[in-house]
Amino acid sequence: MRRATSMLKLAPPWLVRFSSVSASSLVDEFTKFCYQRDLPRAMKAMEAMQRNRLWADAITYSELIKCCLVRGGIEQGRLVHEHVFSNGYEPKTFLINTLLNMYVKFGLLDEAQKLFDEMPDRNVVSWTTMISAYSNSSLNHMALEFLILMLREGVRPNMFTYSSVLRDCNGLLNLRQLHASLMKVGLESDVFVRSALIDTYSKFGEQQDALNVFNEMVTGDLVVWNSIIGGLAQNSDGDEALHLYKRMKRAGFAADQSTLTSVLRACTGLALLELGRQVHVHVLKFDQDLILNNALLDMYCKCGSLEDANLVFTRTMADKDVISWSTMIAGLAQNGFSTDALKLFESMKLRGPKPNYITVLGVLFACSHAGLVNDGWYYFQSMKELFGIDPGREHYGCIIDLLGRAGKLDEAVKLIHEMKHEPDAVTWRILLGACRVHKNVDLAIYAAKEILKLDPTDAGTYILLSNIYANTQKWEDVAEVRRSMRARGVKKEPGCSWIEVSKQVHAFILGDNSHPRIEDIKREISRVIQRLVSVGYVPDTNFVLQDLEGEQMEDSLQYHSEKLAIVFGLMSLPKEKTIRIRKNLRICGDCHLFAKLVAQLENRVIVIRDPIRYHHFQEGVCSCGDYW
DNA sequence: TTAGGGTTAG
């Protein structure tokens, strides 16, 4: 009796309680605690059940495992695992799947794999859980391998499996095969599968396929719309992305953070500042969303409105990550505000996140832009030591630009040959830009030939090369270049400039007279040129190394697309409004001079974004420092 | 019990 009493004293209170209840009420108590999400009591009850060789039903355990995931930890999860396999109890596949999912959610792939290997019967859920786990861990080859093994075992994939595995495709062929096989079993109408298909086709740059999948949709949801809008925006088809955004709204869907991020990206690509500002109003609903705010910040930077970007960065954004800082630093540098970019980088080092690969690119770009050769070299040579980042091809590109800008062309070539990475077309184009500024024809020919070896479709480089040969009267070489262009089907892209006026985008294309006010614009250009000539403007017809990408000598200099757009801006926008233009080709020397003088004479601010650089013209100077 | 969409450079 004394012994029994002492045992009771030693035993924890819950054991005393359960020792007095029947087996079925023990399980009932456990079930109750599981559904009440009372994890500590459920765990104690489970221990008592184990002592008494009692088990509950699989759904109750699955509730307990959910509770471990939300409120507990892996230790409790492992105890559940141990219990459901104890004393010869054989858990159903459903329950093992739940445990499998638990290990995956805790990030314990090895343990999940071990359990999966030991499973007597694996069903589609078991396989899909593993496929999804590998897919989320970026082990795409494993996910695909599992799909093959699953098919070999005769387990048929369902919509869950396909929507997981689609993003693991290692090639377009693979994607088309999966697309065909899911169509055979009629799974293409599932919204998850459809959005995964759209997303994956977009990632491979197959926009038409993505659009086909989208257009076959009868009923879809917001994510499907977001997939197609996002895919188009990421593949530089901003116009189509914005068109579908309007359709989405007409179809009755309200934009969420993901939609607005993609819409902002489309505005960024098209330099549509006014539309971007309208989108900003909707962004205010999601003011804590970091990704969306970063996209907003980038939109203002790339649309050339650094005032707005600064306001977003300093006032709106409570949380900032390395992307926010990098965006702002690169934005300042690209728009010609190098000193501000470097100051911001200093404050990032003091109170911001750790800089990454892209942050350093922005910093080097700022140094190059401001001609800070020593600072650029310092950051380049110490980036590994200071920030733990190995210089990549792009960092070398900035330094080649830095040397080129400073006129150190020989050193730039030496660096290209010394760098660890194989130079690509971009590397050689940077050198070519320096040759243009410093009028080094021989080196320009060398760089142009290197570009064409790597990118035989680059129309601008063919034309540049042909112009150089024409200028030095090497007619056979001119003919050879033209032959190569024809043979490869390379065509000169006409110069095009876009300007946003009263919520409408006006496009001006060289040689195209379809704009309703084209005659007025041409008359106004003549008047403006007359005024400019009176203050000393002489049209610059030296195109040989001026015009990199194509608005040609034989075309009328006077009607280059950016001149049409600038003058249309003067005619249509109030005096205090900045004239903002986006171009598809690099700005030519004459248009650059024209813009500087117009800005001065008409007391206007003009911002032109070409494919590579930004030009802020104000009071007769350009933020690019005449280097582009 | 298993699934899909958004941000910095080039």
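What you are looking at is a predicted structure, and each value in this text was computed from that prediction instead of being measured. Letters A, B, ... are given to chains in the order of the sequence lines, protein chains preceding strands, and every chain is numbered from 1.
Residue A:Gln257 places none of its side-chain N or O atoms closer than 4.0 Å to OP1 or OP2 of B:dT7. Distances shorter than 4.0 Å separate some side-chain N or O of A:Ser132 from OP1 or OP2 on B:dA3. For B:dA9, one of the phosphate oxygens OP1 or OP2 lies less than 4.0 angstrom from a side-chain nitrogen or oxygen of A:Lys302.
Here the P atom of nucleotide B:dT8 and the CE atom of A:Met299 are 13 Å apart, to the nearest Å. For the pair A:Leu344 CG and B:dT8 C1', the computed distance is 13 Å after rounding to whole Å. Distance, A:Ile399 CD1 to B:dA9 P: 19 Å, rounded to whole Å. In this structure, OH of A:Tyr103 is placed 16 Å from C1' of B:dT1, rounded to the nearest angstrom. Residue A:Arg393 contributes atom CZ, which lies 10 Å from atom C1' of B:dG10 at whole-angstrom precision. The distance between atom CD1 of A:Ile430 and atom P of B:dA9, rounded to the nearest whole Å, is 15 Å. If you measure from atom CG of A:Asn294 to atom P of B:dT7, you get 10 Å, rounded to the nearest angstrom. With rounding to whole Å, A:Asp57 atom CG is found 12 Å from B:dT1 atom P.
Using a cut-off of 4.0 Å between Lys/Arg side-chain N and Asp/Glu carboxylate O, A:Arg586 and A:Asp610 are scored as salt-bridged. In this structure, A:Asp110 does not pair ionically with A:Lys114, as no charged nitrogen and carboxylate oxygen lie closer than 4.0 Å.
Of all the residues in residues 151-161 of chain A, A:Asn158, A:Met159, A:Phe160 reach under 4.0 Å from DNA chain B with at least one non-hydrogen atom. Within residues 188-209 of chain A, the residues having any heavy atom under 4.0 Å from DNA chain B are, by residue number, A:Asp190, A:Val191, A:Phe192, A:Ser195, A:Asp199. Listed by residue number, the members of residues 178-185 of chain A with any heavy atom below 4.0 angstrom from DNA chain B form an empty set. Within residues 312-326 of chain A, the residues having any heavy atom closer than 4.0 Å to DNA chain B are, in order of number, A:Ile323, A:Ser326. Less than 4.0 Å separates DNA chain B from at least one heavy atom of each of the following residues of residues 284-293 of chain A: A:Asp289, A:Ile291, A:Leu292.
Residues meeting the side chain to side chain donor-acceptor pair (under 3.5 Å) test with A:Arg37, sequence neighbours left out: A:Glu63. Partners of A:Glu153 according to the side chain to side chain donor-acceptor pair (under 3.5 Å) rule, which considers only residues two or more places apart in sequence or in another chain, are A:Arg122.
You'll find that the side chain of A:Ser163 is closest to B:dA3, out of B:dA9, B:dA3, B:dG6. The side chain of A:Asn356 has B:dT8 as its nearest neighbour among B:dT1, B:dA9, B:dT8. Nearest to the side chain of A:Thr128, among B:dT2, B:dG4, B:dG6, sits B:dT2. Relative to the side chain of A:Gln234, the nucleotides B:dT7, B:dT1, B:dA3 differ in distance, and B:dT7 lies closest.
Within the 6.0 Å centre-distance limit, the rings of A:Tyr61 and A:Phe30 are counted as a close aromatic pair. Taking the six-membered ring where the residue is Trp, the centroids of A:Trp127 and A:Phe116 are separated by under 6.0 Å.
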Show me the donor-acceptor pairs, under 3.5 Å and distance only, between side chains in residues 243-255 of chain A and residues at least two apart or in other chains.
none

Under 3.5 Å donor-acceptor pairs involving side-chain atoms of residues 275-283 of chain A, not counting sequence neighbours:
{"unit_1": "A:Arg277", "atom_1": "NH1", "unit_2": "A:Glu274", "atom_2": "OE2", "d": "3.2"}
{"unit_1": "A:Arg277", "atom_1": "NH2", "unit_2": "A:Asp308", "atom_2": "OD2", "d": "2.6"}
{"unit_1": "A:His280", "atom_1": "ND1", "unit_2": "A:Tyr300", "atom_2": "OH", "d": "2.8"}

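A:Lys320 places no side-chain N or O within donor-acceptor distance of the main-chain N or O of A:Gly352, the cut-off being under 3.5 Å.
Here A:Val223 lies in heavy-atom contact (under 4.0 Å) with a base. Nucleic acid contact class of A:Arg265 (heavy atoms, under 4.0 Å, all strands): sugar-phosphate only.
The salt bridge (Lys or Arg N to Asp or Glu O under 4.0 Å) contacts involving residues 345-357 of chain A comprise A:Glu346-A:Lys349, where partners must be two or more places apart or lie in separate chains. Counting only residues at least two apart or on different chains, no salt bridge (Lys or Arg N to Asp or Glu O under 4.0 Å) pair has a member in residues 355-367 of chain A. Sorted by first then second residue, the side-chain hydrogen bond (donor to acceptor under 3.5 Å, both in side chains) pairs that include residues 212-221 of chain A, not counting sequence neighbours, are A:Gln208-A:Asn212.
The closest side-chain heavy-atom distance from A:Ile96 to A:Ser126 is not below 4.5 Å. Two residues are said to be in side-chain contact when any heavy atoms from C-beta on lie closer than 4.5 Å; A:Lys384 and A:Ile389 fail this criterion. Two residues are said to be in side-chain contact when any heavy atoms from C-beta on lie closer than 4.5 Å; A:Cys301 and A:Gln334 fail this criterion.
Under 3.5 Å, the side chain of A:Asp221 and the base of B:dG4 form at least one donor-acceptor pair of N or O atoms.
A donor atom on one side chain and an acceptor atom on the other are found under 3.5 Å apart for A:Asn136 and A:Arg167.
Between A:Phe380 and A:Trp377, the ring planes lie perpendicular to each other; the angle is over 60°, past the 30° to 60° tilted range.
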